[in-house]
There are 2 protein chains.
Amino acid sequence: MKMAKLSEATGVPVATIKFYIRAGLLQGGERSLPNQADYGDAHVQRLRLIRGLIEVGGLTVAASQRVIEAIDSDKPLAETFEIAQQTVSDELDQSSLDPAALSRIDELLSGWHYHSTNPGRLAAARVLTAFEAVGQHDERGWFKRYAEAALLAAEADVDELETRHGREAQAETVVIGTVLGDALFAALRRAAQEHVSSLRFSTPLTPENSAETVEDRS
Amino acid sequence: MKMAKLSEATGVPVATIKFYIRAGLLQGGERSLPNQADYGDAHVQRLRLIRGLIEVGGLTVAASQRVIEAIDSDKPLAETFEIAQQTVSDELDQSSLDPAALSRIDELLSGWHYHSTNPGRLAAARVLTAFEAVGQHDERGWFKRYAEAALLAAEADVDELETRHGREAQAETVVIGTVLGDALFAALRRAAQEHVSSLRFSTPLTPENSAETVEDRS
DNA sequence: AAATTATGGATATTAACACTATCCGAGAGT
DNA sequence: ACTCTCGGATAGTGTTAATATCCATAATTT
């Protein structure tokens with residue numbers, strides 16, 4: 001398969017494919033002649049993965065490069081998992097965070113076992129700081145309830161991972177789950193927010209077209 | 001308060017404050033003379049909100065502008081909520097999505113009441129499409145379990161909202177909850193993932209420094 | 001009061017990012 | 001033989017979020 005075909009098979013423009021190859025995101029095809037190369041099914045799959053990570057997962061090209069490299073490496077699964085987490089998280093320096101916020105996160109998650117460098121721990125502390133800086137306070141255990149929801153999701157993640165066999169398949173699932181999981185949860189939360197508030201307030205969100213709800217369609 | 005003081009109080013550089021004012025994100029100070037203006041506490045609060053939305057919530061300046069405008073407007077709460085959801089979501093066109101994926105999301109969320117245009121519904125369908133395009137399949141109800149977790153979070157969101165009184169306070173909470181909620185959940189999920197996998201696999205994630213876990217510190 | 005510093009507003013510049021377009025000389029297709 | 005297409009290199013585009021610089025006043029120090 002030549003590049004035009006690869007482009008057609010994935011919907012990614014040729015110029016973009018070349019760009020990904022240059023960026024080290026995608027392997028170049030097998031060169032048969034100085035100016036001919038051949039691409040296979042693996043390239044199609046990889047390109048789909050790249051597009052998913054970038055478009056749906058919102059990763060940068062550099063971030064995608066890192067997680068793909070981790071999948072292809074022979075690092076143990078736990079390390080790939082760490083790389084995936086770090087890559088999707090902003091780089092936060094423990095010293096730039098409010099120690100009190102960190103303590104409160106640790107207290108909130110007491111019983112959980114994680115490293116002090118876990119990107120989620122640091123990011124959660126930053127959210128707590130920002131939340132309070134804008135004058136909000138957690139009156140009804142908002143953080144605690146989010147932690148419970150996060151635990152459910154994490155259990156689902158690990159269960160799903162266990163259906164895969166072999167290091168590479170598992171590594172791929174870890175990366176996809178880490179990246180797309182954020183997008184999936186965010187999406188479902190929005191639907192759930194509308195659902196819950198329509199129940200709670202019995203005020204249609206957009207009265208003028210409430211006849212078009214999904215429920216009403218069926 | 002003059003600009004230097006405002007800058008000092010919030011940690012935001014003067015040039016950046018000027019940029020936000022130009023962008024319509026922040027109101028200019030009260031002008032006393034052609035080249036003098038005075039800023040108050042409201043400016044400090046607003047600036048903190050802006051920084052939270054941008055830095056922690058990952059919004060663009062334009063997106064922040066839209067949600068702030070929604071807070072300041074006198075639109076009904078439901079409309080502000082809609083704007084917040086749309087603003088944090090990628091603009092997706094129903095016609096660009098796989099109808100089969102949309103149906104499966106609706107089936108997954110049957111019993112939920114939401115509009116067919118809900119940004120979360122569309123985003124979830126896109127995630128489903130991407131998930132399957134990279135060769136994954138949802139073997140253990142991953143999506144379903146995420147939906148349950150999302151429901152818990154949404155209930156927490158609405159409960160938290162009900163502690164606030166008055167349209168503007170509620171509108172602000174809606175926006176902050178919508179924006180920071182994504183970041184919070186993503187963060188807590190990462191911590192939970194490490195927790196669950198350490199339980200499940202009994203393999204320390206980073207053997208060389210497992211003595212530094214949060215649990216061990218206490 | 002003179003000298004220095006700071007102010008608000010306008011304009012310009014920077015840096016990162018993700019593409020996208022154009023050239024090129026060398027094969028492939030017909 | 002003639003056009004099309006290839007891969008690879010280089011340059012250019014559009015967007016975004018700041019930063020930097022200028023300038024004519026004002027405020028502040030001395």
Side-chain angles (χ1 to χ4, degrees), chain A residues 1-40 43-44 46-68 87-88 90-91 179, chain B residues 1-40 43-44 46-68 87-88 90-91 179:
Chain A
M1 187 191 318
K2 272 169 282 180
M3 195 172 272
K5 206 81 208 304
L6 178 60
S7 168
E8 200 196 338
T10 57
V12 181
V14 170
T16 304
I17 296 175
K18 288 184 180 181
F19 168 69
Y20 289 156
I21 293 174
R22 249 177 295 134
L25 255 172
L26 185 68
Q27 270 210 321
E30 204 170 324
R31 263 164 286 99
S32 46
L33 284 156
N35 66 336
Q36 294 294 282
D38 200 66
Y39 302 90
H43 288 92
V44 175
R46 184 47 60 92
L47 204 40
R48 283 207 243 268
L49 176 59
I50 293 166
R51 292 307 301 170
L53 296 177
I54 290 177
E55 217 173 88
V56 181
L59 293 200
T60 63
V61 166
S64 304
Q65 213 267 351
R66 281 195 293 278
V67 296
I68 282 174
T87 300
V88 296
D90 298 354
E91 260 184 61
V179 175
Chain B
M1 188 189 317
K2 272 169 285 179
M3 196 170 270
K5 206 82 206 303
L6 178 61
S7 168
E8 200 197 338
T10 57
V12 180
V14 171
T16 304
I17 296 175
K18 288 184 180 183
F19 168 69
Y20 289 155
I21 293 173
R22 248 177 296 132
L25 255 173
L26 185 68
Q27 271 210 320
E30 205 169 324
R31 261 163 286 99
S32 45
L33 283 157
N35 66 335
Q36 294 295 281
D38 201 66
Y39 303 90
H43 288 91
V44 175
R46 184 48 59 92
L47 204 40
R48 282 206 244 267
L49 176 60
I50 292 166
R51 292 307 300 171
L53 296 176
I54 291 176
E55 217 173 87
V56 181
L59 293 200
T60 63
V61 167
S64 304
Q65 213 267 353
R66 280 194 294 277
V67 295
I68 282 174
T87 301
V88 296
D90 298 355
E91 260 186 61
V179 176

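All heavy atoms count here, side chains included; hydrogens, waters and symmetry mates do not. Each chain gets a letter, A, B and so on, in the order the sequences are listed, and its residues count up from 1. Just so you know, these numbers come straight off a predicted model, no measurement behind them.
Atom P of nucleotide dT22(C) and atom CZ of F19(A) are separated by 18 Å, given to the nearest angstrom. Atom-to-atom, NE2 of H43(B) to P of dT7(C) comes out at 15 Å; the value is rounded to the nearest Å. If you take CE of M1(A) and C1' of dC6(D), they are 16 Å apart, rounded to a whole angstrom. For the pair L26(A) CG and dC19(C) P, the computed distance is 13 Å after rounding to whole Å. Counting to the nearest Å, the P atom of dA27(D) and the CE atom of M3(B) are 16 Å from each other. The distance between atom CG of L59(B) and atom P of dT15(D), rounded to the nearest whole Å, is 20 Å. Here dT28(D) presents its P atom at 12 Å from CG of N35(B), a figure rounded to the nearest Å. What separates CG of L6(A) from C1' of dT5(D) is a distance of 15 Å, to the nearest Å.
The two residues V44(B) and A9(B) have their closest heavy-atom pair at CG2-CB, 4.5 Å. Among all heavy-atom pairs drawn from V14(B) and A4(B), the shortest one is CG2-CA, 4.4 Å. The shortest non-hydrogen separation linking V179(A) to G57(A) is CG1-CA, 3.6 Å.
Comparing dA18(C), dG27(C), dT19(D) against the side chain of P13(B) picks out dT19(D) as the nearest.
For the side-chain contact (heavy atoms from CB on, under 4.5 Å) test with Y39(A), the passing option among L6(A), I17(A), L26(A) is L6(A); the others fail.
Taking side-chain N and O atoms only, R31(A) has no distance below 4.0 Å to OP1 or OP2 of dC6(D). For the OP1/OP2 pair of dA17(D) and a distance below 4.0 Å, the side-chain nitrogens and oxygens of Y20(B) include no atom meeting the criterion. Taking only side-chain nitrogens and oxygens, R51(B) never comes nearer than 4.0 Å to OP1 or OP2 of dA17(D). The side chain of T16(B) contributes an N or O atom lying less than 4.0 Å from OP1 or OP2 of dT19(D).
Across all strands, R22(A) comes closer than 4.0 Å to base atoms (heavy-atom distances). A37(B) comes within 4.0 angstrom of sugar-phosphate atoms only, judged by non-hydrogen atoms across all strands, and of no base. Nucleic acid contact class of A4(B) (heavy atoms, under 4.0 Å, all strands): sugar-phosphate only.
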Residues R46(B), H43(B); criterion side chain to side chain contact (heavy atoms under 4.5 Å, CB included); working and verdict = CA-CA 5 Å; R46(B) 184 48 59 92; H43(B) 288 91; 5.7 Å; no
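Each of I54(B) and Q36(B) lies near DNA chain D, and the nucleotide nearest I54(B) is the one positioned closer to the 5' end. Mapping Y39(B) and A15(A) onto DNA chain C by nearest heavy atom places Y39(B) at the nucleotide closer to the 5' end.
If you check distances only, the side chain of K18(B) does reach the base of dG8(C) with a donor-acceptor pair under 3.5 Å.
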